[in-house]
Amino acid sequence: MSTHHQLSEAIERVINDARKAGALIADAPESVPLERPKNREHGDYATSIALALAKSAGKPPREIAELIATGLRSLEIIDRVDIAGPGFINITLAKATQGAIVINILENNLKFGIGNELAGVKVNLEFISANPTGPLHLGHTRWAAVGDALARVLSAAGAEVSREFYINDRGVQMDLFGESLRASALGIAKPEAGYQGGYIDDLAKKIVLAEPDFLKLSEPESLVAFREAGYKLQLQEQKDVLAKFGTNFQVWFSERSLHAGDGLTKAMARLKEQGHIFDEEGATWLRTTDFGDDKDRVLRKSDGELTYFASDTAYYIDKRNRGFDICIYMLGADHHGYVGRLKATSACAGDNPEYNIEILIGQLVKIMEGGEEVKLSKRAGTIITLEELVEKVGVDAARYTLIRYPVETPMVLDVDLLKKRTNENPVFYVQYAHARIVAVLRNATDLGVKYGLEFYKPELLEHERERELLGGLAEFPRIVAGAAQLREPHRIARYLEDLAGMYHGFYTDCRVLPMGDEKPSELHFARATLSAATMQVFFNGLQLLGVSAPDRM
RNA sequence: GCGCCUGUAGCUCAGUUGGAUAGAGCACCUGCCUUCUAAGCCGGUUGUCGCAGGUUCGAUUCCUGCCAGGCGCACCA
């Protein structure tokens, strides 16, 4: 059980005991607010519960605080309890209580931080889902990093997660893609609305080299041939680039497969059965306005063609049929208009849109280079691809920087800054802390400093820096759980940066290894053990972000 | 016009369930390497938390209105 959890239960018990004894007449608290105060003078933990109870108790908060404090003081795990300000209760833990976190970490090692908040929940996490008609660009890259990290975080909370990439391999865009490739191969003008980038020419050359006969085909035949060959190559390239980026999907889901198989038929039947389908002006509609959408949506156009929306709907229903409890969609801000219809679709299918479907909207990424904004335009060929970004700054820096911010904030990436392999880049700050500990432990072995549970005496750790670090380590499980519940992996990154600060501070003020002829003491052992536990948390945390934890830098 | 997101230090941005003196990195000034990685640490400077109201013991956080920026409102994909 975490220290935090242990404490909040203890406080609750004290309050309930006081209520039973009639010493306190107040409503039962819904939950105990317990936080780590920013100010060190306010102890290890602080609660404002007395302020919350004041109203229903009809007593001044400080009086209630005193009552609770008295109960807490008798507990072994607590060293001291103070009341401050209007009625805050500040708690300082006993040394052994605080030091116990190291034992917890070393006993669980790779599993430390893993929780069960989402145990038994099957989550489908769909992200990127680009057309296979070009390379992945910067917008996709944000999702590639955040989506993968979110998948890891959700798994850490106990969920069973499937990462899915929906391939839009059907429709007008695909045809334009084929037409553009063929035009390039034949040296004729590309279609106006087609794809213009240089990669089209490269792809076309590759195709002709492999299949020279394509040039001899009739126009309709060659359009299909180029389209299909281009599709295969481009999709493979997306897969390769993502694999290099450390983002791996369990399922690459083809839109075509919904039409080729019975996915669409099943979906339509389901919606009909639920009674939300109607025909009007020769088209088939889904009455999404039944569930808050601004307008009804067309599934089958009057010309008989199925819409993209029909595929989306079928895909959603397919996911649910495959047993996923929660379907999470990660979409770019330019698609936020989809939220209403997706939620409504879920409701039309008879599901609970408050639980079965979640849509995360990510703001677009701006990019600065050479002091000015790079305008992203496919037409002008100034798109920045995932591959280019990685070439410039490396996988770790790219992933970390993209994950570090909440997705709903528009972010500006300064490529020049990321290129610098210096501490201006927060990822190095965190990685450095890990590498530093590895070096210390390497030396520890050489100097005969033993570390590990059998050499660890928590009561020896009483330096301010040690206490701070111990407190920080104890937060990790809560941070992971919070990141999972809120779908916000950036919290892990921010936490690691704080933890790095704590370790660096500890390292500076608390000598871990003996100096000169000094003999290794139990304090050295305790500090080395504390370092080992910290290293484990850095490792686990960076793992959740898909960022490497280097042994040397 | 309607809807979504954003507005916090010179810059890039944190700040879940309302809490104590609003934080970090960069930038700027200043110290700290004859013994564990100086990609580090210590100290200093920087704020009408977009504006105005409201809710209450207490609001950067919740509510309303306004201002500014981004994005979206197809029988397109």
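So you know, we letter chains A, B, ... as the sequences are listed, proteins then strands, and number each from 1. Only this structure's heavy atoms are used, side chains among them; waters, hydrogens and symmetry mates stay out.
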Residues A/Asn168, A/Tyr308; criterion side chain to side chain donor-acceptor pair (under 3.5 Å); working and verdict: CA-CA 9 Å; A/Asn168 295 134; A/Tyr308 188 85; 2.7 Å; yes
Same-atom distance ([atom1]) from [N] to [M], integer angstrom:
| N | M | atom1 | result |
| --- | --- | --- | --- |
| B/C26 | B/U21 | P | 28 Å |
| B/G10 | B/G18 | P | 30 Å |
| B/U12 | B/G7 | P | 13 Å |
| B/A59 | B/U8 | C1' | 14 Å |
| B/A22 | B/U46 | P | 13 Å |
| B/C41 | B/G25 | C1' | 15 Å |
| B/G65 | B/C28 | C1' | 40 Å |
| B/G72 | B/A52 | P | 32 Å |

Parallel, tilted or perpendicular: ring planes of A/Tyr45 versus A/His4, cut at 30 and 60 degrees: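 The rings of A/Tyr45 and A/His4 stand perpendicular, inter-plane angle above 60°.
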Ring geometry between A/Tyr195 and A/Phe177 (parallel below 30°, tilted from 30 to 60°, perpendicular above 60°):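 A/Phe177 and A/Tyr195: perpendicular rings.
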Listed partners of A/Glu179 passing side-chain hydrogen bond (donor to acceptor under 3.5 Å, both in side chains), at least two apart: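 If we apply the side-chain hydrogen bond (donor to acceptor under 3.5 Å, both in side chains) test to A/Glu179, skipping adjacent residues, there are no hits.
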Salt bridge flag under 4.0 Å for residues A/Arg300 and A/Glu305: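 No, no charged N to carboxylate O under 4.0 Å.
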Side-chain ion pair, A/Arg491 and A/Glu488, N-O less than 4.0 Å: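 Result for this pair is yes, salt bridge flagged.
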Short side-chain N/O contact from A/Asn443 to OP1 or OP2 of B/U37, under 4.0 Å: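 Yes, because at least one side-chain N or O of A/Asn443 sits under 4.0 Å from OP1 or OP2 of B/U37.
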B/G15 OP1/OP2 closer than 4.0 Å to side-chain N/O of A/Tyr495: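 So the side chain of A/Tyr495 is outside the cut-off, no N or O lying under 4.0 Å from OP1 or OP2 of B/G15.
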Residues in side chain to side chain contact (heavy atoms under 4.5 Å, CB included) contact with A/Pro406, at least two apart in sequence or another chain: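 Residues passing side chain to side chain contact (heavy atoms under 4.5 Å, CB included) with A/Pro406: A/Glu408, A/Thr409, A/His490.
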Specify the separation, in whole Å, of atom [atom1] of [X] and atom [atom2] of [N].
| X | N | atom1 | atom2 | value |
| --- | --- | --- | --- | --- |
| A/His335 | B/G3 | NE2 | P | 22 Å |
| A/Arg436 | B/C33 | CZ | C1' | 11 Å |
| A/Glu464 | B/C41 | CD | P | 17 Å |
| A/Leu402 | B/U12 | CG | P | 17 Å |
| A/Glu488 | B/G15 | CD | C1' | 11 Å |
| A/Gln431 | B/A38 | CD | P | 17 Å |
| A/Arg62 | B/C57 | CZ | C1' | 14 Å |
| A/His490 | B/U12 | NE2 | P | 18 Å |

Using Watson-Crick or G-U wobble geometry with both distances under 3.5 Å, which nucleotide pairs with [N]?
| N | answer |
| --- | --- |
| B/A22 | none |
| B/C73 | B/G1 |
| B/U64 | B/A52 |
| B/A38 | none |

Looking across every strand, which nucleic acid part, if any, lies under 4.0 Å from [X] by heavy atom: base, sugar-phosphate, or nothing?
| X | answer |
| --- | --- |
| A/Arg465 | sugar-phosphate |
| A/Asp551 | base |
| A/Pro406 | sugar-phosphate |
| A/Val172 | sugar-phosphate |
| A/Met174 | nothing |
| A/Gly171 | sugar-phosphate |
| A/Glu281 | base |
| A/Ala333 | sugar-phosphate |
| A/Asn168 | nothing |

Look for any protein N or O under 3.5 Å of an N or O in nucleotides 4-6 of chain B and output each such pair with its distance, or none.
residue: B/C5; atom: O2'; partner: A/Gln363; partner atom: NE2; Å: 3.2
residue: B/C5; atom: O2'; partner: A/Glu408; partner atom: O; Å: 2.8

For A/Ala435 against A/Met553, the heavy-atom pair lying closest together: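 It is CB-CG, 4.0 Å.
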Within residues 290-302 of chain A, residues whose heavy atoms come under 4.0 Å of RNA chain B: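 Contacts with RNA chain B under 4.0 Å: A/Lys295, A/Val298, A/Lys301, A/Ser302.
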Aromatic ring proximity A/Tyr456/A/Tyr451, centre distance under 6.0 Å: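 That pair fails the under 6.0 Å test.
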Residue pair A/Ser531 / A/Tyr507, side-chain donor-acceptor N/O under 3.5 Å: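 Short answer, no.
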Between A/Asp44 and A/Thr92: side-chain donor-acceptor atoms closer than 3.5 Å: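 The criterion, which ignores hydrogens and geometry beyond distance, is not satisfied for A/Thr92 and A/Asp44.
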Protein-to-nucleotide contact annotation, 5' to 3' order, nucleotides 19-24 of chain B [B base; S sugar-phosphate only; - none; under 4.0 Å, heavy atom]: BBB---
Syn/anti state of B/C29 by chi, 90° boundary around 0: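 For B/C29, whose glycosidic angle is more than 90° from 0, the conformation is anti.
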Side-chain donor or acceptor of A/His276 paired with backbone N/O of A/Asp290 under 3.5 Å: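 Side chain of A/His276 to backbone of A/Asp290, a donor-acceptor pair under 3.5 Å: no, none is there.
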Main-chain N/O of A/Ile83 paired with A/Asn90 side-chain donor or acceptor, under 3.5 Å: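 Between the backbone of A/Ile83 and the side chain of A/Asn90 there is no qualifying donor-acceptor contact (under 3.5 Å).
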Pairwise 5' ranking along RNA chain B for A/Asp334 and A/Arg170, keeping only the more 5' one: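 Closer to the 5' end of RNA chain B: A/Asp334.
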5'-most by nearest nucleotide on RNA chain B - A/Asp517 or A/Ala500: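 The residue whose closest nucleotide sits nearer the 5' end is A/Asp517.
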From OG1 (A/Thr529) to NE2 (A/His524), nearest 0.5 Å: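 So the gap between those two atoms works out to 12.0 Å.
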B/C36 pyrimidine/purine six-ring stacking with A/Tyr507, under 5.5 Å and 30°: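 Yes; centroid distance and tilt both under limits.
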A/Arg36: salt bridge (charged side-chain N to carboxylate O under 4.0 Å, His left out) partners, not counting sequence neighbours: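 None.
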Closest listed nucleotide, where the reference is the side chain of A/Val512 and the choices are B/C13, B/A39, B/C36: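 It is B/C36.
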Nucleotide nearest A/Val412 (side chain, heavy atoms from C-beta), chosen from B/C75, B/G40, B/C13: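 Nearest nucleotide to the side chain: B/C13.
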